[in-house]
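Proteins get letters first, then strands, A, B, ... in listed order; numbering begins at 1 in each.
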Protein chains: 2
Amino acid sequence: MATIFDVARRANVSVATVSRVINHPGKVTERTRRKVSTAMEACGYVYNALAMGLSTKRSRTIGIVIPNITNPIFSESTRGIQDYASEKGYHVILVNTDYLYEKEKKLVSLLREKQVEGLVLTTNKPEGEIVHGLIKDGFPFVLTYSHSKHPMAAFVGVNNIQGGMRATEFLIGLKHRRVGMIALDFSLSDRSYQRWLGYRRSLKKNGLPYDPDLVVQTEYTFEKGKKAVESLMTLPYPPTAVFCTNDILALGAMKGFKEIGKKIPEEVSIAGFDDIAFSKFVAPPLTSIHQPAYTMGWKATEILFELLSKFPFQASRHRILLETELVVRQSCAPLLKKKVKR
Amino acid sequence: MATIFDVARRANVSVATVSRVINHPGKVTERTRRKVSTAMEACGYVYNALAMGLSTKRSRTIGIVIPNITNPIFSESTRGIQDYASEKGYHVILVNTDYLYEKEKKLVSLLREKQVEGLVLTTNKPEGEIVHGLIKDGFPFVLTYSHSKHPMAAFVGVNNIQGGMRATEFLIGLKHRRVGMIALDFSLSDRSYQRWLGYRRSLKKNGLPYDPDLVVQTEYTFEKGKKAVESLMTLPYPPTAVFCTNDILALGAMKGFKEIGKKIPEEVSIAGFDDIAFSKFVAPPLTSIHQPAYTMGWKATEILFELLSKFPFQASRHRILLETELVVRQSCAPLLKKKVKR
DNA sequence: CTCCCGAATGAAAACGCTTACATCTTATAC
DNA sequence: GTATAAGATGTAAGCGTTTTCATTCGGGAG
């Protein structure tokens, strides 16, 4: 592989000059610029960004940490991150935690070894040691989806408690009195926990009792969402409405209900969270809490670059709360007077 | 930031020793290993993988080039790639081409500058200069989704012509005589073109005329899929069945038909391609040609690592054709005898 | 108690770039 | 034609690792 040296020799200039035509073409005579360019062509020179990174201590790379790229809500925000980053000439390294905190820890540390300049992090424990370690080291990062109470943690995302309330409130407004919940295990996802907080708060606000049997915690797959329905339906008084903490679970649940012959929304109402693009196409179209994922990724990256430039930074000024929105579709209906008994 | 040097000084050993405890712990006394480890802790040492990359000429990073991470078919294969790569201790840099060849070219070249060791490439022109440049330079890569005729281009994916035939044949088998097609612009995606080839071949095989008005080329969005319906329906003899070259377009088309009051599948049948996970949830569930995307990504990476180890390599031995599968759901129905007139 | 050999360690060059500083050109003003 | 300043170019020292080769160490055989 040809290096800057080979090019320099071939063009009869010094390496500094070659470097200059690459980085500051203005600081070089048109004639030598041309000479060097020709030499580069001639020996098939490929710039080595690693060496640049070592030398300048700027890798021009950022890391993205998300639970699973396969979930459209995350691929959407990832795209927002990528688009902003690439506009700035940066690349992204993408990793999946699968909601596993140990994996998250390991991956964050590997990313730092790779010398990413900053992180857009969707952490599953926003008050955990990962976030605190980053802060302690003054490492630039911005949180998405999950918010940390730490004043130095930049964040862009939605208010999950409020989102959880919106969904629950809506279901209660439809006269449902037994509203269940299918959630990601709280130990896996803080967002899930927050949404549950909102759920509880709505219940209380409306004078409804909280019944722990009505909330099932599970893992992130369609199948688990489907399975959750089973346990919900074996209850003496099964729910007439179910709030799911993400759309994937909601789709699974819908499938589960259909399979045991429950009509949606006539016999059971389902609400999701995220409002991924596909939710409007499913049958029936899913009522869901919309999160502006692309914007979230974009803005998070915007902030990250601000942190990168201003050093040391004032993260506290960087907390953006975007609005969730309840998108009403046909998966929910008012509770029928005559309760369907099974 | 502490370097290997600081650690060495603190532990009273040479940098070589520190490097050894990192890379070959076996080649070092237990006592010094411990000494060095403590020193690392003490000064908060973070390994610099960039420097390692420069020194060893192995970045332990591969590049993924896809049209759009937001399309589940690509996030699925991306996950396959990531899982295999991370098992090998590699990271991935992910870029989106948006089906733009110029962008693809630029990104591939940037990726090479970043010193990725290899590429998993979904190219939009498999016989274009990008692939040929890679081959000429002996740069390791494997193609996914789109197959190149070049004997040195490794590939894992499906036979798109055959896939296109399967879908079309199925529609024809349902007695449809006017089957339309909504495709990504052929200039954007070779896959789209291949599937169209299959479409034509089926037509011919079944003695049906090819009517260019029946195929509309468009861009990759739900909306464009929807729009395509309009132009199809203004035809004197609109199609009674439509084959879409991907599920996103198919969903858009379904929406388009519904909006003008056409019932699916009674009045018009729709078949897609990719069989993304969501297609089974939509209304009506979409008949589609299944591609094993995760496996595709996984196997492609497997091959890539083989290429990386065996050098120079024999790509010709590395072409894996996975089977597509027609997944029949409820979006298609036999043509009614009495033709619905509009 | 030596001697010798293998294992553990250290010294230093190399990886390909950037950049501060020094040096050399050139054009301008007189 | 010369002095001078501005601009172009060159020199060389890093950046943080790995790795080859040389050196030192420790322990078993004699």
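At least one donor-acceptor pair under 3.5 Å links the side chain of B:Ser148 to the backbone N or O of B:His150.
Taking only side-chain nitrogens and oxygens, A:Thr32 comes nearer than 4.0 Å to OP1 or OP2 of D:dT9.
With hydrogens and angles left out, the side-chain atoms of A:Glu117 and A:Tyr90 include a donor and acceptor closer than 3.5 Å. B:Thr123 and B:Tyr101 share no side-chain donor-acceptor pair at under 3.5 Å. With 3.5 Å as the limit, one finds a donor-acceptor pair spanning the side chains of B:Lys114 and A:Thr61.
Spacing between atom CZ of A:Arg60 and atom P of C:dT18 amounts to 11 Å, rounded to whole angstrom units. To the nearest angstrom, C1' of C:dG16 lies 7 Å from OH of A:Tyr45. Taking atom CE of B:Met1 as the reference point, atom C1' of D:dT17 lies 16 Å away to the nearest angstrom. To the nearest angstrom, C1' of C:dC15 lies 13 Å from CE of B:Met52. Atom CZ of A:Arg58 and atom C1' of C:dT19 are 16 Å apart (whole Å). Rounding to whole angstrom units, CG of residue A:Leu50 and C1' of D:dT18 are separated by 14 Å. Computed from coordinates, the B:Leu54 CG to D:dT19 C1' distance equals 14 Å when rounded to whole Å.
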Name each donor-acceptor pair under 3.5 Å that joins a side chain in residues 132-140 of chain A to protein atoms two or more places apart or in another chain, with its distance.
{"residue": "A:His132", "atom": "ND1", "partner": "A:Gly128", "partner atom": "O", "Å": "3.0"}
{"residue": "A:Asp137", "atom": "OD2", "partner": "A:Arg112", "partner atom": "NH1", "Å": "2.9"}
{"residue": "A:Asp137", "atom": "OD2", "partner": "A:Arg112", "partner atom": "NH2", "Å": "3.2"}

For residues 291-305 of chain A, please give each side-chain donor-acceptor pair under 3.5 Å, one per line with the distance, not counting sequence neighbours.
{"residue": "A:Gln291", "atom": "NE2", "partner": "A:Asp274", "partner atom": "OD1", "Å": "2.8"}
{"residue": "A:Tyr294", "atom": "OH", "partner": "A:Asp83", "partner atom": "OD2", "Å": "2.5"}
{"residue": "A:Thr301", "atom": "OG1", "partner": "A:Gly297", "partner atom": "O", "Å": "2.6"}

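If you check residues 2-31 of chain A against DNA chain D, the residues with a heavy atom closer than 4.0 Å are A:Asn12, A:Val13, A:Ser14, A:Val15, A:Ala16, A:Thr17, A:Arg20, A:Val28, A:Thr29, listed by number.
Judged by distance alone with a 3.5 Å cut-off, a donor-acceptor contact links the side chain of A:Ser55 to the base of D:dG14.
Minimum atom distance to the side chain of A:Lys57 is reached by D:dC15, of the listed C:dC15, D:dC15, D:dT17.
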